[in-house]
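Have a look at the structure below before the remarks.
Excluded from the calculations below are hydrogen atoms, water molecules and symmetry mates; all remaining heavy atoms, backbone and side chain alike, are included. What you see is a predicted model; the values in this text were computed from it and never measured.
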Amino acid sequence: LVKYRGKGGDVTVPAGVTEIGFNAFNECGSITSITLPDGLRSIGSFAFNQCGRLTSVTIPGSVTSIGKYAFNRCGSLINITLPDGVTRIEESTFSCCGSLANVTLPNGLRCIENDAFNDCGSLTGLTLPAGLTEIGGRAFWGCNRLNNVTIPATVTRMGKFAFATSNTSRMTVAVDLPARPAGWDADWAGPLVTVRWKNSGSAPAQSPAAPKPAAAVTPAKPAPKPAVASPSSDFEIKNGVLVKYRGKGGDVTVPAGVT
């Protein structure tokens, strides 16, 4: 399916379509629901990008590939179930879906790319499957209602701010590992995320505090130079400085102590 030119509403894609092409429904703001046919194999990048009134999508079990930004900014989409054949969620596939509350991820999922669910502020229900190995940067950034997520021990790569929130009530993330693996970014969790490591209790995932600057040191003032008494009235000397000579001339010797 290369391009949809219908009037919107509830749309059923015809049987026999095996691929939804790039941009096929891009910015079709009048569509409210999509039913995709059995036998469909892939959904292209930007396929349903910015379909703002889309509330539901039925994705058949035959789908194995969903492109980046495929459902980006579908602000009315509430639930999504991904079939078992999908092993990778691409960059920003569901980013900025503000009403998306529940996502069912497939058991065979191996990778969640950067920004995949970025700014899905209504997302509450999420179970990460065992076997997942990668979670990209900002994948769940801004998912302010997401809580009590468990990261499986199989995850070996985690990007920066994969889990982050601006919600002051905090986000809690449990990890089935005793410590951060080498492949995880040091700032994988934002400062308002509480992380519970396996057998290690919990602690806020905050970056180390910046070291306090050293106290300023005021240099000591130099001691005043001692006044040197003038050996005669010919020299006016103050604090080692010869201010004025009032002698008669001839051979003159400046007194010791003048600096």
Side-chain angles (χ1 to χ4, degrees), residues 1-129 136 138-146 166:
L1 195 159
V2 178
K3 194 66 180 176
Y4 170 76
R5 296 187 177 89
K7 296 179 179 179
D10 299 328
V11 176
T12 299
V13 174
V17 172
T18 58
E19 179 180 350
I20 305 295
F22 173 86
N23 266 357
F25 292 84
N26 184 39
E27 297 183 0
C28 290
S30 59
I31 294 174
T32 55
S33 72
I34 290 282
T35 300
L36 301 174
D38 291 334
L40 185 72
R41 295 193 299 268
S42 67
I43 298 172
S45 297
F46 295 88
F48 298 97
N49 176 55
Q50 298 191 55
C51 293
R53 295 181 61 194
L54 182 63
T55 60
S56 68
V57 178
T58 302
I59 302 177
S62 54
V63 170
T64 59
S65 173
I66 301 176
K68 63 183 180 180
Y69 292 89
F71 295 94
N72 172 60
R73 295 189 180 278
C74 290
S76 300
L77 190 62
I78 299 171
N79 303 297
I80 197 77
T81 298
L82 298 178
D84 284 339
V86 174
T87 60
R88 188 182 196 91
I89 300 176
E90 298 289 351
E91 176 185 355
S92 298
T93 299
F94 297 100
S95 60
C96 301
C97 292
S99 299
L100 187 61
N102 294 288
V103 174
T104 302
L105 299 177
N107 292 328
L109 187 65
R110 294 295 178 264
C111 177
I112 300 174
E113 274 291 358
N114 295 344
D115 299 294
F117 295 94
N118 184 324
D119 206 20
C120 291
S122 298
L123 186 60
T124 56
L126 184 70
T127 300
L128 299 177
R138 303 171 307 280
F140 296 97
W141 185 92
C143 296
N144 294 338
R145 297 183 64 189
L146 188 62
S166 59

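- Under the 3.5 Å distance criterion, the side-chain polar atoms of T104 are left unmatched by any main-chain donor or acceptor of T81.
- Of all heavy-atom pairs spanning Y69 and N49, the tightest one is O-CB, 3.7 Å.
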- Message: side-chain contact (heavy atoms from CB on, under 4.5 Å) for T124 and L146? Distances and angles first, verdict last.
- Response: CA-CA 4 Å; T124 56; L146 188 62; 5.8 Å; no
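- Taking both residues in full, the closest heavy atoms of P83 and P106 are given as O-CB, 3.1 Å, listed atom of the first, atom of the second, then distance.
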Pairs of donor and acceptor atoms involving the side chains of residues 94-103, under 3.5 Å and at least two apart or interchain, shall be tabulated with distances.
residue : atom : partner : partner atom : Å
S95     : OG   : N72     : OD1          : 2.6
S95     : OG   : S92     : O            : 3.3
S99     : OG   : G75     : O            : 2.7
N102    : ND2  : N79     : OD1          : 3.4

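- In this structure, I89 and L109 have side chains that are in contact, with non-hydrogen atoms separated by less than 4.5 Å.
- In this structure the side chain of I34 never reaches within 4.5 angstrom of the side chain of T58, judged on heavy atoms.
- When all heavy atoms are compared, the tightest approach of P60 to D38 is CB-OD1, 3.6 Å.
- The minimum heavy-atom distance linking A70 with G44 is given by the pair CB-O, 3.8 Å.
- The shortest heavy-atom contact between S76 and G52 is OG-O, 2.7 Å.
- Take E113 and apply the salt bridge (charged side-chain N to carboxylate O under 4.0 Å, His left out) test, not counting sequence neighbours, and it matches R88.
- Between P37 and A15 the shortest heavy-atom distance is CB-CA, 3.9 Å.
- Considering only heavy atoms from C-beta on, F117 stays 4.5 Å or farther from T93 through its side chain.
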Hey, can you pull the donor-acceptor pairs under 3.5 Å for the side chains in residues 4-11, sequence neighbours left out?
residue : atom : partner : partner atom : Å
Y4      : OH   : K7      : N            : 3.3
Y4      : OH   : G8      : N            : 2.9
D10     : OD1  : T32     : OG1          : 2.9
D10     : OD1  : S33     : OG           : 2.8

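- Interatomic distance, CG of N114 versus CD of E90, reported as 10.5 Å (0.5 Å rounding).
- If you take SG on C143 and CG on D119, they are separated by 7.5 Å, rounding to the nearest 0.5 Å.
- Contact annotation: the side chain of L40 never approaches that of V13 to less than 4.5 Å [non-hydrogen atoms, C-beta and beyond].
- Annotation: side chain of I80 is in contact with side chain of V57 (closest heavy-atom distance under 4.5 Å).
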- Message: I'd like to know whether R53 forms a side-chain contact (heavy atoms from CB on, under 4.5 Å) with I31, so could you lay out the CA-CA distance, the side-chain angles of the two residues, the decisive distance to 0.1 Å, and finally the verdict.
- Response: CA-CA 6 Å; R53 295 181 61 194; I31 294 174; over 6 Å; no
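- Contact check for V86 versus I59: no side-chain heavy atoms found under the 4.5 Å cut-off.
- Here the rule is side chain to side chain contact (heavy atoms under 4.5 Å, CB included) with L1, and of T18, V17, L36 only V17 fits it.
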- Message: Checking L77 against F48 for the side-chain contact (heavy atoms from CB on, under 4.5 Å) test, could you report, in this order, the C-alpha distance in whole Å, the side-chain angles of both residues, the deciding distance, and whether it holds?
- Response: CA-CA 11 Å; L77 190 62; F48 298 97; over 6 Å; no
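- Note: R138 CZ to N118 CG = 7.0 Å, rounded to the nearest 0.5 Å.
- Separating the CZ atom in F22 from the NZ atom in K3 is a distance of 9.5 Å, to the nearest 0.5 Å.
- Rounding to the nearest 0.5 Å places CD1 of I43 at 10.0 Å from CZ of F25.
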- Task: Step by step, work out the side-chain contact (heavy atoms from CB on, under 4.5 Å) result for I112 and F140.
- Result: CA-CA 10 Å; I112 300 174; F140 296 97; 4.0 Å; yes
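- Contact check for T64 versus T87: no side-chain heavy atoms found under the 4.5 Å cut-off.
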